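Just below is one structure, and these are the notes that go with it.
Start at 1 and go down the list; that is how both ligands and their atoms are numbered. Start at 1 with the first residue, then count along the sequence. None of the values given here were measured: they were computed from a predicted structure.
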Amino acid sequence: MEQILSDYLHTHSFTHFDLKAVIFDMDGVLYDSMPAHDKSWRQTMDERALHHLTHEFYLQEGRIGKSTIDAVFQRNLHRDATDEEIKKIYARKTELFQQYNSGKILPGAAEILEFVQVNGLKPVLVTGSGQPSLLDRLDIHFPGVFTPQTMVTAFDVEHGKPDPEPYLMGLQKGGNLKPNQAIVIENAPLGIESAVGAGIFTIAVNTGPLPDSVLTDAGASVVFDSMTSLLKNLPDFFQIVRNVQL
Ligand code: MG
């Protein structure tokens, strides 16, 4: 782990970490919501006889709805979807998601947020989701952890993941931080790409069906197989982060 952290510092021309914040993705990191997203996307496309690829919606996680729909349209119909089609398809997908989503949080997520705060670090949320009730829901499951000042949602950015903009804004919301003052926890290749593009050390938690290699290829420095295994390793990790320098 020390070598991996040193490599990051070297690549990004920092001499040390000065950790102030931990930036969390939401779906597949805090909430066990990806199976419901995947199932509702697949059913929506099946209802229109539009072919989709294995794990396509896990691979596309983090993209805005329009991009995901256009990719399927291009493959099947060799054209983008019309605004009307996008509206209808996204409405159907959202309807099914509300039906399938258990609302369950991932085991270990609440404990990690608590451990981060106990260590004097600020938790920040960066999500491509744009549900109006997001903060209410977060406040029920993780009371008092996130505020509008520490959240970046679909409403805040012009370019979604994999563009670096969401995580660059996450650094700002963390307190105008430099990339060596935060780390990111992500589960999706495009989210990892976005965080790495913003220059931040990125930990992947592989809570879905994709092979680890997809996450490391996207730029993750380290991969844990669950939030509970990340939780177990976090004390050691913070210790090394505090001590490592070039
Ligand atoms: Mg995610």
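- Ionic pairing of Lys88 and Glu85 is not present here: no N-O contact between side-chain nitrogen and carboxylate oxygen is shorter than 4.0 angstrom.
- Put simply, the angle at the Mg ion (ligand 1) from OD1 in Asn187 to OD2 in Asp25 is close to 90°, to the nearest 10°.
- The minimum distance between the Mg ion (ligand 1) and any N, O or S atom of Asp27 involves atom O.
- Using a 4.0 Å cut-off between charged side-chain N and carboxylate O, Glu193 and Lys161 make no salt bridge.
- Take the N/O/S atoms of Glu61: the one nearest the Mg ion (ligand 1) is OE2.
- Counted by atom type alone, Asn206 and Asp225 present zero donor-acceptor pairs between their side chains at under 3.5 Å.
- In this structure, Arg42 does not pair ionically with Asp46, as no charged nitrogen and carboxylate oxygen lie closer than 4.0 Å.
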